Enquirer: 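Handing you a structure now.
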Amino acid sequence: MTTSDSDDPTRGPFSSPCFNLLWRHYHQEMKDDEERQARITSFLALVTQYLKLKEEEDAIQQRRLANRKRRRAPRRRGTTTQRRNDGVPRVVPYAGPHSPSLTSDAESAFKPENSLILRTKRDTSSILLPPKNPEMESSPEQIFILSGQSNMAGRGGVIRDHHHQHWDGVVPSESQPDPSILRLSVHLRWEAAREPLHADIDAKKVCGLGPGMSFANAVRGRVEGRMGLVPCAVGGTAIKEWARGEHLYENMVKRARESVKNGGEIKGLLWYQGESDTSSEHDVDAYHGNMVRLIDNVRQDLALPSLPIIQVAICSGDEKYLEKIREVQLGMKVKNVVCVDAKGLELKEDHLHLTTKAQVQLGQMLADAYLKHFGSADSHHPAL
């Protein structure tokens, strides 16, 4: 065998052609195995790199989800949130702004130097905030409860247009707002009073002008201090719905109590109701007893045994029993209860509700009755 033949790796060590053929075949198989092994090694390296990248991506996503949940979750009082070096938030007891940390240095969050923190101040010049009015934070001195049904809530100026009702917005001078007249809102906060007074109380109906502002404007110059109106009337309600334990009654008492929480004195209850009790003889027969119980319950629950009550004798309703209800109202003999008669006041086209003009007149009638019977200087009714 020559030198060139010995350098050929594919040539076997034997001179026999058969053995040389077998040697070349074996050598080729070895080369194929090396290439296959190289491909496998390369593929495994790619898989390892992919899994590592996937693991890092999953860790980032978990941290984002944890941060999102932490921002949404309400923070417990007496705790604060710290972040460990592994990026997972944890809740630890709050040690106070000047107390040493309860965790080790290894677990404490990184705090950059103050000089490295970019301090910015939010521009609030474009935010319009309502001016603070100290007078709204305290109760007015003279407080009146307005209650009953729709003619107390006010339907003056409410018109129907294409099957939709809306208030025409007309406010006569006698019912204009005044800085000395406040109202208790549905959220139990004092605010400037203006018509419609019951818009957020009798909220399921369209409210218009009622007797409240006309009454307040007629009285405010004759009494000391500011006046507060507590609207409670709800349209379409019968006297039995104002019994103790019913929602309407309990809400009225709640609002009345809230009105004197920060001072003031409840001076009277203006009551206009009865149209919904003119439909049956049973309701008529029960009306006197129900009304007397209502008066007794209100005075007892407000701890005002002599609370003045001015009742309005209705002028509309079912004609079959209308006069019967009026007789009960006009003939009621209860201490510190007086009645004004709405008969003759102008009604709207529905023959049920008072017009704007009539509501102004009724408010002045209520004011005259209050000043005549309860407006003297020695009239005093202790607050809650």
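Just so you know, these numbers come straight off a predicted model, no measurement behind them.
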Enquirer: Report yes or no: does Ser139 contribute a side-chain atom to a donor-acceptor pair with the main-chain N or O of Ser259 at less than 3.5 Å?
Expert: yes
Enquirer: Any chance the side chains of Thr355 and Glu346 put a donor and an acceptor closer than 3.5 Å?
Expert: yes
Enquirer: Any ring-ring contact (aromatic ring centres under 6.0 Å, His included) involving residues 191-242? Give me the pairs, sequence neighbours left out, ordered by first then second residue.
Expert: Phe144-Phe215, Trp242-Trp271
Enquirer: Do the charged groups of Glu265 and Lys267 touch, with an N to O distance under 4.0 Å?
Expert: yes
Enquirer: Among side-chain atoms of Ser276 and Gln149, is any donor-acceptor pair under 3.5 angstrom?
Expert: yes
Enquirer: Do you know the tightest heavy-atom contact between Ser316 and Leu352?
Expert: OG-O, 2.7 Å
Enquirer: Do Val171 and Val219 share a hydrophobic cluster, counting only Ile, Leu, Val, Met, Phe, Trp and Tyr and linking them when any side-chain heavy atoms are less than 4.5 Å apart?
Expert: no
Enquirer: Answer yes when Glu258 and Arg255 have at least one side-chain N-carboxylate O distance shorter than 4.0 Å, and no when they do not.
Expert: no
Enquirer: Would one find more than 12 heavy atoms of other residues, nucleotides or ligands at under 6.0 Å from atom CD of Glu319?
Expert: no
Enquirer: Distance from Lys372 atom NZ to Ile310 atom CD1, nearest 0.5 Å?
Expert: 11.5 Å
Enquirer: Restricting to pairs with a member in residues 156-181, which pass ring-ring contact (aromatic ring centres under 6.0 Å, His included), not counting sequence neighbours?
Expert: none
Enquirer: Membership question, hydrophobic clusters at under 4.5 Å side-chain separation (ILVMFWY): are Val292 and Ile325 in the same one?
Expert: yes
Enquirer: Please report the closest heavy-atom contact between Thr356 and Gly156, naming both atoms and the distance.
Expert: OG1-C, 3.2 Å
Enquirer: Write out all pairs satisfying ring-ring contact (aromatic ring centres under 6.0 Å, His included) with one or both partners inside residues 248-268, taking only residues at least two apart or from two chains.
Expert: none
Enquirer: Is a side-chain N or O of Gln273 found less than 3.5 angstrom from the main chain of Thr237, in a donor-acceptor match?
Expert: yes
Enquirer: Show the nearest heavy-atom pair for residues Cys339 and Leu330, with the distance to one decimal.
Expert: SG-CD2, 3.7 Å
Enquirer: Do Gln176 and Asn217 have side-chain N/O donor and acceptor atoms under 3.5 Å apart?
Expert: no
Enquirer: Apart from Ile159 itself, what residues make up its hydrophobic cluster when side-chain heavy atoms of I, L, V, M, F, W and Y under 4.5 Å apart count as a link, directly or indirectly?
Expert: none
Enquirer: When you compare the side chains of His353 and Ser150, does any donor N or O come within less than 3.5 Å of an acceptor on the partner?
Expert: yes
Enquirer: Can you tell me how far CG of Asn290 sits from CD1 of Ile295, rounded to the nearest 0.5 angstrom?
Expert: 11.5 Å
Enquirer: Out of curiosity, Asn297 CG to Glu250 CD, how far, rounded to the nearest 0.5 Å?
Expert: 9.0 Å
Enquirer: If every non-hydrogen atom of Asp277 is compared with every non-hydrogen atom of Val284, which pair is closest and at what distance?
Expert: O-CG2, 3.7 Å
Enquirer: Give a yes or no on whether a salt bridge exists between Arg183 and Asp200, defined as a side-chain N under 4.0 angstrom from a carboxylate O.
Expert: yes
Enquirer: Could you tell me which residues satisfy side chain to side chain donor-acceptor pair (under 3.5 Å) with Arg160, sequence neighbours excluded, listed by chain and number?
Expert: none
Enquirer: With sequence neighbours excluded, give me every ring-ring contact (aromatic ring centres under 6.0 Å, His included) pair touching residues 277-319.
Expert: none
Enquirer: Does this structure show an ion pair linking Glu323 with Arg326, if we count only N-O contacts that are shorter than 4.0 Å?
Expert: yes
